[in-house]
Amino acid sequence: MVDIASERAGRSLSSYWATAIVAALALAVVVAAPHFLGIYLTNVMIRALFLGVLALTVDLVWGYTGILTFGQSAFYGIGAYACALVFTHWGFGPGWFAAALVIAIVSAALVAWLVGLLSFYHGASPLYSSIMTLALPIVLVQIIFAGGTFTGSSSGLSGFPTYYWSLATWFVIAGALLVVVAAFAWLFVRGDFGRILIAIRENEDRCAYLGIPVSRIKTGLFVVCGAIGAVAGFGYAAFTDVVAPELAGFLLGTESLIWVALGGRATLIGPILGAIGIDVTSSYLSGSLPFLWKFIVGVAFVVVIILLPNGIASLVTGAWRRYKRHGKDGAAAHMHRETVTLVPAKGRGLEENLAADTSPIRIEALTCRYGSLTVLDGIEVEGRRGELLSIVGPNGAGKTTLMRCISNGSERSGGEVTIGGETIGRKSPQKIVALGVGRSFQNTSLFDSLTVGDCLRLARYRIDGARYFERSDKVALPEPALDILKATGLDRQLGLETRYLSHGMKRGLELAMVLATEPRVLLLDEPTAGLTKAERTAIGSVLTRLVEDYGLCVFLIEHDLDFVREISSRIVVLHQGKMLLDGSVEEVVSSDLVKAVYSGQETEAPA
Amino acid sequence: MATLLLDIVTTSSMLFIIAAGLMIILGVMKLINFAHGAFLTVGGYSAHVVTNAGFNAWLTIPAAAVVGFLLGIVVERVILRPLYDRPLDAILATWGLGIVIAQIITFIFGRGVQFAESPISGTTDLLSVGYSSWRLVLVVVALALGAALTALLYYTRFGLNARAVIMNENLARGLGIDSVRVRAVTFGLGAALACAAGALITPLLSIDPNMGLPWLVNSFMLVLVSGVAIPGLALASLLLGGAQVLVSTFVSPIIGGITIVVLAAVILRIRPGGLSRG
């Protein structure tokens, strides 16, 4: 174990070095290039390099995290105008230069934060976020128009004092900015945090139920990318000595989407090449063939979106992958070289539940209505430590709705749920996870393109955090989660993408992920659906252990009454949204009422 | 005062007419059609071609609708059908389509400004002020359009199928409704409405290759605020269109230009379902 760990550390160090060497080479090219390019091309390239930085931020926001943003140009514009306004109206010099740069970064970050607050909240549709990013540049441009002589209105500002350095110097500045941003972005998306971005893109809801603060992460990313975009815009304005409202406009925002889509989203290098390639070519062709060139870009964009959703870069990476896969068979081809080892979690962990003295969960007068339809009515349940409580009832009895009302504060219409002495109020799912509720889902909703190891690391985010620029090589898991992984053989498949797992393995992974969040109340919605008898028994014994050895309170929805009878300590029967019975296994099994409900006879429900 | 009132009513009517095509497509196909602006432009140029050829100016509207319907059917088949599983990509593809259409128009007609004849010109005396007759006609058109769309959705077989697809597409397919056909016809209809709207507003505006673009974003906002329902759209047009006219008149036309966007963003944050749904 020790030598494996040190080898891993060596590898992570070497990935730093590899990035540093590539970045140094790229910088050398940047320094040398102006000597070989003509004046016109250098000029055009400087602009393209600044736009390349903008494209990188679009790739992080849209390509990696899945937020379709039309408004990244707004930050570019904010940076450019901060430069122009300060130099025009207040002053120029090294001090003013630094002050203007700070103003650019701070105001862009502030705007991004405000937009983030408005657009990203639990339950916001992706469309709404996109619409907000669309509104941003439109509003900003109108504000610039309304600024009169201060902002130069529609003709913009020009001729303000700036550093009239040589073209070569500006080229190096723009190129160095792009290389530095790209190098950090490269390390970032390959680190722990990059996986989280992808997880948010693939299944945002599931992330929230693992305790990941999705909205905060999105807003944070938006702020950072906004600030970087502002730096690029600032550089561009200082270089050209001209700013115009178009720099902040919606058209530049959509153009940057085109660069990213054509180059290849979520590849970093694709968007850079896309931005530079398209911008430089259009500078040459816009003189001779202006309309034809735009037409070609438009057609190429549509064709690439339809036929090559991952952009032109996917042609290259696809060929590379096929070449690497050559000679390997089926499953091995989908294995990633996994650099993760599982270790037992230290510290508080699940055992803490045994010491707690408040009851883990209390539900009082819980009601849930959709319009005139009452799905749950006056539910009163208390779950005690070390208790496995099965919730049974015919389809439509409100079982899954009950789980939803416990795990998301905004679902219920009335009543209160208390977890370990704290009421859940209107809290969002990720905050309720922090209170100690773990929920598994009826359908196995995992993250398709992440590996088993990634998924487990993701589930530990709330407790262990994530590294920004590197991949942690250990995942600490509570004992029972490790047991499940061992029992299902998942511990030998850590490098496999989850979409290639069997149904039983997915169930096992799902349960292990929920346990990794160290819950005190576990909500399981049909955890054994579609499993074989053997797998079912294995899950049953894990649940029994969780309850007996770790003092968890488990709420289980199950249709298989034999299974329920075997492992439950108590059973709650729901029927048409009301609690019919709450008692021991014997009481419920021998109840005539329950038999009647299940066989569908009319009975008078007790008040 | 009377002029202000008429401004509010006619502006709202224009917004309603322009956004209707977008709403039909969003409602049935769950797709935001970014080519909507380009479709408006196509409608404007259709009107230009019709009146230039010496035909009656009233013919511009049906002609534009026919052009739009055919265009819509082709676009749906070639571009949108492969993207039904990727809704955000479909938005991007329609945006790309918008660029392509604008360039094709530039090839044919050049970048310059064109005009189309108006079916009715001059002013009418109403509420003791002389007011543009064509703007008043648009109010009538908006009312007729609202009634016609309601009738289409609630009293025809197509409307029933479309509503079924809106509510639950999988179930509708299970019941034997050809949802692919419903989508194709819907997109054709939406494009036809957009082009007709383009022809309807040309008497008030000049025609150029990007004339539809400024209307695009406001239309979205109205449709989203409407909660995708015809009465909701009428209400949204009246409220936000009215606010736009008031702000433009009393504050500044530039701030007026972003009134709809800002108000819509706020309304949607408070009520994500828009005005129609609780």
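Computed from a predicted structure; not experimentally measured. Proteins get letters first, then strands, A, B, ... in listed order; numbering begins at 1 in each.
Counting all heavy atoms, side chain and backbone alike, A:F295 lies closest to B:Q103 at N-CG, 3.6 Å. Looking at every heavy atom in both residues, A:I305 comes nearest to B:A93 through CG2-CB, 4.0 Å.
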Quick one: do A:I306 and B:D89 satisfy side-chain contact (heavy atoms from CB on, under 4.5 Å)? Show the steps, please. CA-CA 8 Å; A:I306 296 173; B:D89 283 3; over 6 Å; no
Stepwise side-chain contact (heavy atoms from CB on, under 4.5 Å) check, B:F107 with A:L292: CA-CA 8 Å; B:F107 287 144; A:L292 186 65; 4.0 Å; yes
Are A:Q142 and B:I255 close enough, and set up right, to give a side-chain contact (heavy atoms from CB on, under 4.5 Å), and what steps lead you there? CA-CA 7 Å; A:Q142 293 299 326; B:I255 303 297; over 6 Å; no
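For chain B, no part of A:I296 is nearby; none of its heavy atoms comes within less than 4.5 Å. Heavy atoms of B:L213 lying under 4.5 Å from chain A belong exclusively to its side chain. For chain B, no part of A:I144 is nearby; none of its heavy atoms comes within less than 4.5 Å. Heavy atoms of A:L118 lying under 4.5 Å from chain B belong to its backbone as well as its side chain. For B:T106, the part sitting under 4.5 Å from any heavy atom of chain A is the side chain, from C-beta outward, and nothing else. Looking at B:V100, both its backbone and its side chain come within 4.5 Å of chain A, counting heavy atoms on both sides. The parts of B:I79 that come within reach of chain A are both its backbone and its side chain, each placing non-hydrogen atoms under 4.5 angstrom from that chain. Using a 4.5 Å cut-off between heavy atoms, B:V251 does not touch chain A at all. Interface remark: A:W293 contributes no atoms to any contact with chain B (heavy atom separation under 4.5 Å). For A:F145, the parts lying near chain B are the backbone and the side chain together; criterion is any non-hydrogen pair under 4.5 Å.
By the 6.0 Å contact criterion, CZ on B:R181 is open, its count of non-hydrogen atoms from other residues, nucleotides or ligands being 12 or less. More than 12 heavy atoms of other residues, nucleotides or ligands lie within 6.0 Å of CZ in A:R426, so this atom counts as buried by the packing criterion. Taking a 6.0 Å sphere around NZ of A:K294, one finds it holds 12 or fewer heavy atoms contributed by other residues, nucleotides or ligands.
Contact tally against chain A (heavy-atom pairs below 4.5 Å) for B:V261, B:I254, B:T94: the top residue is B:I254. Between chain A and the residues B:L88, B:L92, B:L224, the largest count of heavy-atom pairs under 4.5 Å involves B:L92. No other option in A:I131, A:V299, A:V304, A:L307 has as many heavy-atom pairs under 4.5 Å with chain B as A:I131.
For the atom pair B:L268 CG and A:L127 CG, the distance stands at 9.5 Å (nearest 0.5 Å). Note that CD1 of B:I91 is 6.0 Å distant from OG of A:S130, once rounded to the nearest 0.5 Å. To the nearest 0.5 angstrom, B:F220 atom CZ is 6.0 Å from A:L134 atom CG.
B:R269 forms no cation-pi arrangement with A:Y128, by the criterion of a distance under 6.0 Å to the ring centre and an angle within 45° of the ring axis.
No donor-acceptor distance shorter than 3.5 angstrom exists from the side chain of B:R86 to the backbone of A:P309, with no hydrogens or angles considered.
Ring geometry for B:F34 against A:F70 counts as parallel: the plane angle stays under 30°, on a 0 to 90° scale with 60° as the upper cut.
Residues A:V297 and B:I99 form no side-chain contact, since every pair of their non-hydrogen atoms from C-beta on lies 4.5 Å or further apart.
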